[in-house]
There are 2 protein chains.
Amino acid sequence: MPQSIPSYSGIPMPSLRRLPGYHHFLKQLTELKEEYVSATTIAQELKLIPIQVRKDLAYTGIIGKPKVGYPVKELIIAIEEFLDWNNTKKAFLVGVGDLGRAIIKYQGFHKLGVEIIAAFDSSPEIIGSTIGGIKILHVDKLTTLAKRINVKIGIITVPEDAAQSIADKMIVGGIKGLWNFAPVKLKIPRDIVVQSVNLAASLSVLCKQLSDVIKK
Amino acid sequence: MPQSIPSYSGIPMPSLRRLPGYHHFLKQLTELKEEYVSATTIAQELKLIPIQVRKDLAYTGIIGKPKVGYPVKELIIAIEEFLDWNNTKKAFLVGVGDLGRAIIKYQGFHKLGVEIIAAFDSSPEIIGSTIGGIKILHVDKLTTLAKRINVKIGIITVPEDAAQSIADKMIVGGIKGLWNFAPVKLKIPRDIVVQSVNLAASLSVLCKQLSDVIKK
DNA sequence: TAGATTGTTAATCGATTAACAATC
DNA sequence: TAGATTGTTAATCGATTAACAATC
């Protein structure tokens, strides 16, 4: 089997990943009171080509006007609907180190419809404290609480060796989507969705490109 | 122009991104004192298929033995050499918030050959202090210091609106590779390499897959 | 109107996967 | 030896890019 992913709605993964970038730029345009925007303009800003932008946007169901472009407000809404940002999803975060703290405090995920309800750790010093309005609880409460509150997303910011066991607990608690920052390939059932943020991969690519460029 | 990337050594980007994962698994094998490993074994562990593993590994120049597999130690070295991990590269980090702190403290990047030499911020409260053995300096010193010490990598962990100007400073300072955590498309000259960690894209993909799975 | 832009259908390109001979 | 595994060459698949008619 390949690195096959649970059926998602026909959109290619790269297109899906580009959509938030379009949204971001469109939001800037609304501040400038622009009513319409062309694929050409978007492409220039994001260093893409117009045809690619049109293809990507088409997946959201938006319909543009020839000669005019896309209606900015409608397009923003189309992207948000498509990405399901309006549907708030509850999330638990486990592992309140610096990275966990950064994610808890960062306001930007609300607009993606993700709301961190509680955070968990195993260290007695921080359990009971509050960060960015979020209570830090003991990991042991994770599973039962997840079940009770019907939490859908689990954010894993624990060290590598704890990641799998935390993932297991989350899954038992009924969590369906994992956002994983630990450098591990999580072993999970088919019906669970995972996105891993692979920092080592990203930095390695940078180093490799750098050494190639310099060598040349 | 597409999202074209500076000439890197013929390896496809997806293969390049998978290499650190292979390395990680191989390191575990050495602890178990395994001498050889087959593509099949690696594939199972990382949920890939053997042929893909063989193709990826071939880029490093490793030569395996039919029927036996790949020599683990040699393979580890081949990956490290290929990714240029043995060649230590100096890095500056700008933006000492929680995320910046997390990256400074994280030990794992040393093995990728990246050494954070100094960190920068604009907030007087933390300038002068030390985090994880790293001095926090004022951003104004960034450019001249980068030039003097010959720093190659810049890590950008500042808020969105500061990212571009920091990138500019880094480039003036002679930095050639940017590791960017701000949700911005940086505008940079051709000879500069960028890897952006796009958290919004990652989380959006998760949300979309989740809503598709649940809807079904 | 003329020209810019959309959306559709086709062509290209590159990564993944398959087939298979070579080999330990 | 027989069978598992590598590495190479070919086929497939999917994303990107091109071509072009439709249209405001």
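Here is the naming used below: chain letters follow the sequence lines, and residue numbers restart at 1 for every chain.
- Nucleic acid contact class of A/A39 (heavy atoms, under 4.0 Å, all strands): sugar-phosphate only.
- Base pairing annotation: D/dC20 forms a Watson-Crick or G-U wobble pair with C/dG7, both donor-acceptor distances under 3.5 Å.
- To the nearest angstrom, P of D/dT6 lies 11 Å from CG of B/L75.
- Side-chain proximity of A/S38 to the nucleotides D/dT17, C/dT6, C/dA4 is greatest for C/dT6.
- In this structure, of D/dT23, C/dA19, D/dT17, it is D/dT23 that holds the atom nearest to the side chain of A/P66.
- In this structure, A/D56 places its CG atom 13 Å from P of C/dG7, rounding to the nearest Å.
- Regarding A/I42, its CD1 atom lies at a distance of 12 Å from the C1' atom of C/dT6, rounded to whole Å.
- A/L57 has its CG atom 12 Å from the C1' atom of C/dG7, to the nearest Å.
- A donor-acceptor contact shorter than 3.5 Å links the side chain of B/Q164 to the backbone of B/K187.
- At the phosphate of C/dA4, neither OP1 nor OP2 sits under 4.0 Å from any side-chain N or O atom of A/Y36.
- Dashed line: the shortest gap from a side-chain N or O of A/R18 to OP1 or OP2 of D/dT16 is under 4.0 Å.
- The distance between atom CD1 of B/I49 and atom C1' of C/dA19, rounded to the nearest whole Å, is 13 Å.
- Each of A/P14 and A/K65 was matched to the nucleotide of DNA chain D holding its nearest heavy atom; the match closer to the 5' end belongs to A/P14.
- The nearest whole Å value for the distance from the OH atom in B/Y59 to the P atom in D/dG7 is 14 Å.
- Between the CD1 atom of A/I63 and the C1' atom of D/dT23 there is a distance of 14 Å, rounded to whole Å.
- B/I192 places a side-chain heavy atom less than 4.5 Å from the side chain of B/K176.
- In this structure, the side chain of B/K89 engages the main chain of B/N87 through a donor-acceptor pair within 3.5 Å.
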Could you walk me through whether A/F92 and A/F120 satisfy the ring pair (Phe, Tyr, Trp, His ring centres under 6.0 Å) test, starting with their C-alpha distance in whole Å, then the side-chain angles of each, then the deciding distance to 0.1 Å, before giving a yes or no? CA-CA 8 Å; A/F92 276 177; A/F120 299 82; 4.7 Å; yes

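- In this model, no donor atom of one side chain and acceptor atom of the other lie less than 3.5 Å apart for B/D56 and B/Q52.
- Under 4.0 angstrom from either OP1 or OP2 of D/dC20 there lies no side-chain N or O belonging to A/R54.
- Between the C1' atom of C/dT1 and the NZ atom of A/K67 lies a distance of 11 Å, rounded to the nearest Å.
- Each of B/K55 and B/P50 has a nearest nucleotide on DNA chain D; the 5'-most of these lies closest to B/P50.
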